[in-house]
Engineer: 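Dumping the structure here so I can ask a few things about it.
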Amino acid sequence: MNLNLDVQFNRTIEQLILDELRRCTPLNEPISDATLVHKASKNRLLGAVGKAAELPSFPNIRSLADMSFVRGSDLGVLSRDKFVPLCSSGEQILVAVANPWDYGPDEYCAAHFPDHELLKIVTLSSEISAIIEAASLTIGPSRAELEAVEVDEFFTEIADFPVTHQHEEPIAQLVAGMVSNAIKVHASDIHIRTEKSSCHYCYRIDGDLGGRIEVPFKLKDRIDAFLLNLMRLSPEERSKRVGLSGRFNANYYGRSIAIRYERHRTYRGYHVTMRLLDKAHLEGRLGLGTLVFDPETLFELEKAMAIPSGIIVISGPTGSGKSTTVNAMLRQLNRPEDNILTLENPVEDEIAGVTHCDLRDSSEFKPMIASFMRSDPDVIFMGEVRDKESAELAIEAAITGHKVLTTIHTPSASLIIERFQQLGTERWKIAQTIKAACAQRLVKLLCTACRESHSLISAHEIKLFQLPEEWARHPVHKRHKEGCAECHWRGYAGRTALLEILPISPAIGDALSKGQITPYELELQIRRNTGLLSLRDNGLKLLSEGRTDLEALRKALDMTVMN
Ligand SMILES: [Zn+2]
């Protein structure tokens, strides 16, 4: 078709459309073609185009599209020529076109669906674009194609050290046995220490260091070298004499357990601590396993978690199980529609669907949180509030509408509020953002197979721990000194978390921001009005139930103060 004919052809089409438009637009007075087009709605124009082309017109075709069928087409061609094969039925293909006088779609369909009859409909080009866009969202290489992509394997991933295998090499067997036994007895750490003429290792179980296991002194350097090789540390790393850190994985009957290694120099050699990041025996759910709180406390915690924005702070010393509780909360908050970001040092327990980030250096804290804030977050867990800067960042995140979980080092829940004040946070900001202040401790539980019953608390202890007089007549349980096979001869078996919570209701927050009550008065008021238990009350409840003993309680919390 030469140019003149082409122009003539387009004029004919234009006239056809204008005639149709004039026919279906009732007018009282004659108007120009330009005004006619200008006044017509998109749907009316579409109708005129359809009539002129003698094709059915549809202003809305999205419900007609079979997306899996659309995805089978070349979306690049569809997008360029403004058409889309919508679906097929028997021998027929339904194709939506924006320009019924363009033969591109006919040629494409003749090539791709040779045995099919073409049924064309006219639609708006915006409709065609919308369907192509929807189809292209999931267009991409298949999983199999991606799996087949060849990449250079870097040695960033450390191979698992099989600790339950029999090793030929005696040092490998020694370390494997040391680690597998630690996993078996649920140790949290393994310590290896060298002294003047001895080398030994021991386990920390439920917060206590256990008995020493001696190894021949001459092997100390061999053990050290074996562990460094296992972690594939670079020569620069190895030459660091102070604070050597590493990581490896232990394979325990097919299960991979991460182990964090830390070594520092001592007068006689070195001290190695290996932290077992084995969460299998800890129940990571609120209300289960270690995290069985009393129902009122759990209710208040879940209520605070249901508030869309604000801070929930958990305090407690190192090893009080704060991260287990926070991870359980994250698991509960973890929903596909929410973006959860964490900044931890280190990442201990990865939850699918949560974006975990590790803090490599404290100078990264502020820029990381600033970047989080620009990353469209719903929930942020920032490892720890330790200074003015981190306190301000947590408050800022909550004020701008985010849910923030964090931890802090204070002995009790009410001191969390004081700590924020000391860090320079204004009272109104604290009152407005902190939704719950919690304190947590882990308390050892008596082995039920060997615990001793019917012992009485001495008068000295009654006085020391300010216990009410009736405790003198109240028989309690006690640990059996030798223990039994059930508890690996320790007398205790497992731990439970105690949690005290101060929910900051709007009324309490108001009084706090006006300076009408001190954090301590606030605590007393909450306890009086709600009956929520303090750490000490929680502990005494456990004691009266025979689940722990006074010795374990006084180790976990300061029993000499009343609150
Ligand atoms: Zn026992």
Side-chain angles (χ1 to χ4, degrees), residues 163-164 177-191 200-214 250 252-253 255 257 274-285 287-294 316-321 324-325 440-458 460-461 464-465 467 471 473-499 535-536 538-557 559:
V163 295
T164 43
M178 183 195 295
V179 175
S180 67
N181 198 39
I183 297 167
K184 188 176 155 198
V185 299
H186 299 167
S188 59
D189 306 81
I190 306 169
H191 289 255
H200 66 264
Y201 66 90
C202 61
Y203 302 132
R204 186 180 289 278
I205 306 166
D206 292 342
D208 293 335
L209 277 181
R212 298 169 165 200
I213 300 143
E214 298 287 334
Y252 183 80
Y253 296 114
R255 198 153 62 81
I257 294 154
M274 294 189 278
R275 162 78 37 109
L276 279 69
L277 303 173
D278 181 16
K279 302 288 169 188
H281 59 278
L282 291 177
E283 194 58 71
R285 303 265 169 194
L288 290 176
T290 9
L291 304 179
V292 178
F293 306 131
D294 85 289
T318 308
S320 58
T324 308
T325 306
Q440 184 173 314
R441 296 292 185 279
L442 281 177
V443 174
K444 283 179 287 186
L445 296 173
L446 291 168
C447 167
T448 50
C450 66
R451 66 180 172 190
E452 285 179 2
S453 55
H454 306 299
S455 60
L456 286 174
I457 301 174
S458 71
H460 172 70
E461 285 171 324
L464 186 62
F465 304 128
L467 296 176
W471 278 93
R473 296 177 299 278
H474 191 315
V476 291
H477 287 76
K478 237 170 112 174
R479 175 180 89 105
H480 187 280
K481 281 204 175 61
E482 273 88 50
C484 68
E486 285 283 306
C487 55
H488 303 289
W489 319 104
R490 296 185 308 112
Y492 294 110
R495 287 187 286 181
T496 191
L498 302 183
L499 191 83
L535 280 176
R536 179 187 153 98
N538 268 306
L540 290 175
K541 186 164 167 249
L542 221 52
L543 181 68
S544 72
E545 289 166 357
R547 298 180 61 211
T548 191
D549 63 4
L550 204 51
E551 189 54 40
L553 275 186
R554 59 185 291 189
K555 187 152 192 231
L557 51 124
M559 292 294 290

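One-based numbering, in listed order, for ligands and for the atoms of each. Treat the numbers as computed from the prediction; the structure is a model and nothing was measured.
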Engineer: Are Y253 and S180 side-chain neighbours, meaning at least one heavy-atom pair lies under 4.5 Å?
Structural biologist: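 Not in contact.
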
Engineer: Please enumerate all residues that pass salt bridge (charged side-chain N to carboxylate O under 4.0 Å, His left out) together with D294, with sequence neighbours excluded.
Structural biologist: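 If we apply the salt bridge (charged side-chain N to carboxylate O under 4.0 Å, His left out) test to D294, skipping adjacent residues, there are no hits.
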
Engineer: Under 2.8 Å from the Zn ion (ligand 1), how many protein N/O/S atoms can be counted?
Structural biologist: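 Under the 2.8 Å cut-off, the count stands at 4.
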
Engineer: Output all residues satisfying ring pair (Phe, Tyr, Trp, His ring centres under 6.0 Å) with H477, sequence neighbours left out; order by chain, then residue number.
Structural biologist: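 For H477, no residue satisfies ring pair (Phe, Tyr, Trp, His ring centres under 6.0 Å) once neighbours in sequence are set aside.
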
Engineer: Is there a side-chain contact between V443 and L553, using heavy atoms and a 4.5 Å cut-off?
Structural biologist: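 V443 reaches L553 side chain to side chain.
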
Engineer: Does a salt bridge link K555 with D208, judged by any charged N lying under 4.0 Å from a carboxylate O?
Structural biologist: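 A salt bridge is present here (some side-chain N lies under 4.0 Å from a carboxylate O).
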
Engineer: State which residues pass ring pair (Phe, Tyr, Trp, His ring centres under 6.0 Å) with Y203; sequence neighbours excluded, sorted by chain then number.
Structural biologist: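 Result, ring pair (Phe, Tyr, Trp, His ring centres under 6.0 Å) vs Y203: Y201.
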
